[in-house]
Amino acid sequence: MAKVVKNSGTICLRAEVCDLERTLLGGQSFRWRKLCSEPKVKYCGVALNTYWELTPEAEHIAYEAHVATNNPTNTNFTSLLSDYLRADFDLEKQQKNWMLADEKFKKFVGQPVRMLSQEPLENIICFMCSQNNNIKRISSMIQWLCSAYGNKIGLFNGQEEFTFPTLKELQGERSCSQLDAELRAAKFGYRAKFIARSLTEIEKLGGLDWFEQLRRLPYMEAREALVQLPGIGYKVADCICLMSLNHLQAVPIDTHIFKLAQRHYLPHLASQKTVTSKIYDEISQHFQQLHGQYAGWAQAVLFCADLPQFQPKLESNAAKKRKK
DNA sequence: TAACTACCTTTAGC
DNA sequence: AGCTAAAGGTAGT
C-alpha cells in the first residue's frame, strides 16, 4: 500500500475574485464536489495527481493536499494550486474591461468565475465525453474511468479517490479495439470508439510532448491540429485550447452560448435551429472581437451564469399568480 | 459548400 | 406509467 502524504497551506486568492462554487462545479472540470461540512463550505476533488480539500476564506484559500507517494507530482502544492486557479490573473481588472466592451456583460458578472488551467489529456477525454451529454453523467463516466484505470490515492470522506489515468495506463497492453469495447461496456456509448482511436493517435503524435507543442503553437494552428483527431470537432477543440493549452482567446460555442447569443447578442440568428459551422464562426468571432485575447474567459463567465444550477430559484406559479 | 440527421445513454418533464 | 426531448457535438450524407 502506497503511503499517503498530507500537506496544508494557503494561496493568496481573495473570495472576491474567486467563486469556487462556479469555478469547480460549473462544468470546466468534472472531478470536484461540494463538502457541506459545518461551519465552513469545502470543495474536494482530484487534480494534478493530488486529492484536494479547499476552504475559501475572505482573503485566501486554505488547502489540504493529499498525494500517494507512488504518484509523481510536483511537491510545491502552493504553486501547483496557484497555477491551477491562475491566481496571478487579475480577474477584477479584466471584468472591468469586459464590462466596458459589452454593456450587457454587467448583469452576468455577479460571481467571479476563474478559468482553470487543466491537464490536456484529462481535458480531452472529458470533453470528448461531453457531446450530447450532461454534467452529471459526464462526471460519473469520468469517475468510472479513473477508478478503472487510475491509481488509488486513498479514502476520503467515504469516497475512494483516484488519479486521472495516464496515456500509458489507459492503453496498457490493450489494443485500440479492446479499449473501445471496455468503454462501450461501461456505457460510454458511441464516444468509446472516438476516445480509443484518439488515444492511439495521440500516442503516435508524441503524447505529452505533442501537448507541449500545441501550447506553443498559435491558437488557430493548435485548433486545426486537434480537429484532426476522431471525435473532436471545433467546439471540443476550442474547449481544449481554452482550458488546457493556454489559448485564452478560444471561444467554444455550445448550445447554451448559442441560445444566449440568439437572445442577447445576435438576434438575427433567432430563427436558426442548429449551430452550423458558419454560425459557430460568427458567434465565436463576435465574442473575440468584443473581448480580445481573453475572450474565452469572458465566455466562461457567461456560460456559468446561464447554467440552470446557478439560476436564482424561479418563483412558483402560485407565487406569480399572487403577484398578479 | 452548407445544412441535416443518426448516434449511446440517462433523466427531467409531461 | 410510459413517452419525448434534451443533454457543453461530431461525422457522414
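Order of the sequence lines sets the chain letters (A, B, ...), proteins ahead of strands, with each chain counted from 1.
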Between [N] and [M], how many Å separate the two [atom1] atoms, rounded to a whole number?
| N | M | atom1 | value |
| --- | --- | --- | --- |
| B:dT5 | C:dA6 | C1' | 15 Å |
| B:dA6 | C:dA5 | P | 13 Å |
| C:dT10 | B:dT11 | P | 23 Å |

Applying a 4.0 Å non-hydrogen cut-off, can you work out what [X] is touching in the nucleic acid: base, sugar-phosphate, or nothing?
| X | answer |
| --- | --- |
| A:R191 | base |
| A:L183 | nothing |
| A:K136 | sugar-phosphate |
| A:G27 | base |

I need the minimum non-hydrogen distance between A:L214 and A:H247, along with the two atoms involved.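 Heavy atoms only, the tightest pair is O-NE2, 3.0 Å.
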A:L307 or A:P230: which one's nearest nucleotide on DNA chain C is closer to the 5' end?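 The residue mapped nearer the 5' terminus is A:L307.
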Here's a test of your reading of the structure: between A:M243 and A:F194, which maps to the more 5' nucleotide of DNA chain C?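 Its nearest nucleotide lies further toward 5', so the answer is A:M243.
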Look at the side chain of [X] and decide which nucleotide, out of [options], has an atom nearest to it.
| X | options | result |
| --- | --- | --- |
| A:Q299 | B:dT11, C:dG8, C:dT10 | C:dG8 |
| A:D254 | B:dT9, B:dC4, C:dG8 | C:dG8 |
| A:T255 | C:dG8, B:dC8, B:dA12 | C:dG8 |

Quick one: [X] [atom1] to [N] [atom2], roughly how many Å, whole number?
| X | N | atom1 | atom2 | result |
| --- | --- | --- | --- | --- |
| A:I135 | B:dT9 | CD1 | C1' | 17 Å |
| A:I142 | C:dG8 | CD1 | P | 14 Å |
| A:Y280 | C:dA11 | OH | C1' | 16 Å |
| A:I283 | C:dG8 | CD1 | P | 17 Å |
| A:L242 | C:dG8 | CG | P | 17 Å |
| A:N134 | C:dA5 | CG | C1' | 13 Å |
| A:Y190 | C:dA7 | OH | P | 13 Å |
| A:H256 | C:dA7 | NE2 | C1' | 8 Å |

Could a donor-acceptor pair under 3.5 angstrom be found where the side chain of A:R137 meets the base of B:dT9? yes
Please state whether the base of C:dG9 and the side chain of A:N132 form at least one donor-acceptor pair under 3.5 Å? yes
OP1 or OP2 of [N] less than 4.0 angstrom from a side-chain nitrogen or oxygen of [X], does that happen here?
| X | N | value |
| --- | --- | --- |
| A:K259 | C:dA7 | yes |
| A:T276 | B:dA3 | yes |
| A:K278 | B:dA3 | no |

Does one side chain, of A:E203 or A:Q171, offer a donor that lies under 3.5 Å from an acceptor on the other?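 Result is yes, a qualifying pair exists.
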Establish, yes or no, whether a centroid distance under 6.0 Å links the rings of A:Y149 and A:W144.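 Yes, ring centres under 6.0 Å apart.
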Answer yes if the ring centres of A:F30 and A:F127 are under 6.0 angstrom apart, and no otherwise. yes
Cationic tip of A:R22 above A:F310 ring, under 6.0 Å, 45° of axis: yes
Are C:dG8 and A:F303 stacked, with the base six-membered ring and the side-chain ring centres under 5.5 Å apart and planes under 30°? yes
Hey, does the side chain of A:T50 reach the backbone of A:L48 with a donor-acceptor pair shorter than 3.5 angstrom? yes
Sort out the partner of C:dG8 for me: Watson-Crick or G-U wobble, both distances under 3.5 Å, none otherwise.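 Across any shown strand, C:dG8 pairs with none.
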